[in-house]
2 protein chains.
Amino acid sequence: MQSQKKCITIVPIFNHLEEDQMMEIMDATTQSSYKKGSLIYRDGDEVASLFIVRKGKIRIYKISESGKEQLVRILLPGDYTGELAVFGKMYQTSYAEAISDTEICMITKEKLQDFLIKYPTISLKILAEFSNRLNESEKQTTRFATEKVETRIAFFLAELIEDPNLSLEVELPMSKKDVASYLGTTPETLSRKLADLEEKGLILQKTSKRIEIMDIDELLLV
Amino acid sequence: MQSQKKCITIVPIFNHLEEDQMMEIMDATTQSSYKKGSLIYRDGDEVASLFIVRKGKIRIYKISESGKEQLVRILLPGDYTGELAVFGKMYQTSYAEAISDTEICMITKEKLQDFLIKYPTISLKILAEFSNRLNESEKQTTRFATEKVETRIAFFLAELIEDPNLSLEVELPMSKKDVASYLGTTPETLSRKLADLEEKGLILQKTSKRIEIMDIDELLLV
DNA sequence: CGAAATCTTGACCGATCTCAACTTACGTGG
DNA sequence: CCACGTAAGTTGAGATCGGTCAAGATTTCG
């Protein structure tokens with residue numbers, strides 16, 4: 001029960017609730033776990049549940065009309081997915097793949113909607129989250145539409161910075177292959193552009209996953 | 001009052017309400033009008049209201065970090081905007097420009113949130129709408145990330161079809177300049193690609209704004 | 001009807017992708 | 001715990017796509 005509780009309390013949209021409301025929601029969840037590499041759902045699946053990551057790491061990706069894959073996001077504990085099939089369409093429009101052994105809590109569409117009617121402030125939290133995600137997604141679209149690869153990489157690196165006062169060393173949250181996919185380019189081009197940025201003295205590749213940003217102002221002007 | 005009522009009743013997120021709830025919401029709105037060419041809000045503005053289009057046409061666009069403009073969408077009567085400043089951040093992240101004389105209803109963030117608490121089913125409607133928009137936006141992002149310009153144009157045209165059984169002739173909802181901006185390309189490239197598609201016999205440009213799709217299957221394989 | 005904006009076409013160039021070879025990192029099973 | 005096989009990452013060369021600049025045609029709207 002303890003770990004089940006943790007599963008809910010770490011989710012931003014629920015963490016303002018009272019203890020007993022939290023318990024009520026917890027009772028409505030079911031748990032399941034997935035081995036590394038397994039698919040949690042696929043495009044078209046009619047699973048109408050919200051999936052909350054309790055442990056592990058999940059890759060969310062889409063496959064375009066012409067068959068090319070793009071990484072949409074990586075889910076870490078506390079993140080959730082499947083909201084489209086809960087609130088909107090009846091089916092998934094992306095793929096979710098466990099990239100490490102993963103544990104998940106699920107709430108069905110029906111139960112979640114009951115809670116939203118009962119505790120309307122949860123909806124406001126979710127609406128806030130959705131509108132921010134929508135905004136992020138549109139910003140991303142605009143970047144794809146207007147910026148070249150090197151600029152998109154620069155912004156991607158800049159946004160990985162946790163605290164600019166603390167450290168300008170960032171850690172890639174996924175493989176470079178996935179970074180390339182996320183940024184709409186190829187591993188070859190990413191590799192080259194990072195080498196270019198390093199040659200210009202704007203970044204320093206310390207290890208394959210750690211990059212120190214040497215000159216953030218110049219980097220963002222690329 | 002009649003036109004004010006119409007303003008609300010045509011909005012999908014409200015149109016399931018009872019007559020008296022509708023009246024209540026209407027009383028909370030204020031009206032205003034904008035001349036063609038005027039800016040309704042700009043990136044950074046702290047206007048926390050939902051803007052519902054009653055009459056006219058509005059261009060929503062963003063300007064990227066490096067100063068390039070991208071058209072995000074065109075609003076027609078019944079559409080709304082400003083949701084980010086209502087539910088999420090406190091400021092706008094895009095520009096809204098009246099492209100014809102336009103009339104608008106506005107509801108402030110506070111009043112709207114009161115309604116959502118009072119009538120929780122409205123939230124579910126908005127959540128459905130948001131998750132569909134989020135999905136559309138992510139699909140668009142994936143297209144930008146993985147498809148070339150010609151393919152993006154092809155899908156854009158295909159999605160303009162109202163009823164495939166009725167007619168395969170579509171009308172561009174905006175200038176080709178704006179279509180190019182929306183699709184993340186230039187007017188020159190759009191012009192050339194349309195000419196290419198026409199040469200291949202896939203489309204027929206009847207007038208500057210009307211295009212007949214001759215072979216939709218082939219078109220989507222481009 | 002005319003000015004201004006939009007749209008089209010051509011020539012050129014640069015950015016990025018593709019294909020291929022090679023190197024490096026990683027996970028697995030002995 | 002090491003060795004090996006596989007996947008990831010890098011680098012080079014060549015091809016292609018799409019952008020830029022410029023000129024001309026067309027449309028739009030006052």
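Within every chain, numbering begins at 1; the chains are lettered A, B, ... in the order of the sequence lines, protein sequences first and strands thereafter. Since the model is a prediction, treat every value here as computed from it, not as a measurement.
Comment: A/E69 does not engage A/K177 in a salt bridge, judged by the lack of any side-chain N to carboxylate O separation of less than 4.0 angstrom. The pair B/E97-B/R59 counts as a salt bridge, with a side-chain nitrogen and a carboxylate oxygen less than 4.0 angstrom apart. We find that A/E136 and A/R133 are not joined by a salt bridge, their nearest charged nitrogen and carboxylate oxygen being 4.0 Å or further apart. The pair A/E171-A/K209 does not meet the salt-bridge criterion, since no charged nitrogen lies less than 4.0 angstrom from a carboxylate oxygen.
When distances are taken from the side chain of B/K36 to each of D/dG30, C/dT8, D/dT10, the shortest belongs to D/dG30. Checking C/dT16, D/dA8, C/dT8 against every side-chain atom of A/V149, the shortest atom distance belongs to C/dT16. Residue B/T186 places its side chain closer to D/dT20 than to any other of D/dT20, C/dT16, C/dT8.
Residue contacts shown for A/S208 are absent, as no nucleic acid heavy atom lies under 4.0 Å away. At the heavy-atom level, A/G37 lies nowhere under 4.0 Å from the strands shown.
Put simply, CG on A/D178 is 8 Å from P on D/dG9, counting in whole angstrom units. Atom NZ of A/K68 and atom P of C/dC17 are 10 Å apart (whole Å). The NZ atom of B/K148 sits 16 Å away from the C1' atom of C/dA15 (whole-angstrom rounding). Rounded to whole Å, atom P of D/dG18 lies 11 Å from atom CD of B/E147. One atom, NZ of A/K177, and another, P of C/dC17, lie 16 Å apart when rounded to the nearest Å. Whole-Å rounding puts the B/D196 CG to C/dT8 P distance at 12 Å. What separates CD1 of A/I99 from P of D/dA8 is a distance of 12 Å, to the nearest Å. Atom CD1 in B/I153 sits about 14 Å away from atom C1' in D/dG19, given to the nearest Å.
Applying the 4.0 Å criterion to OP1 and OP2 of D/dC17, one finds that B/K193 has every side-chain N and O outside that range.
At distances below 3.5 Å, at least one donor-acceptor pair connects side-chain atoms of B/R152 with backbone N or O atoms of B/L183.
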Identify the pairs formed between an N or O of the protein and an N or O of nucleotides 11-14 of chain D at a distance under 3.5 Å, and give each distance.
from, atom 1, to, atom 2, distance (Å)
D/dG12, N7, A/R192, NH1, 2.8
D/dG12, O6, A/R192, NH2, 3.3

Run the side-chain contact (heavy atoms from CB on, under 4.5 Å) check on A/I216 and A/I161 step by step: do they pass?
CA-CA 10 Å; A/I216 179 122; A/I161 298 173; 3.4 Å; yes
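Summarising the local packing, CZ of A/R210 is surrounded by more than 12 heavy atoms from other residues, nucleotides or ligands at distances under 6.0 Å.
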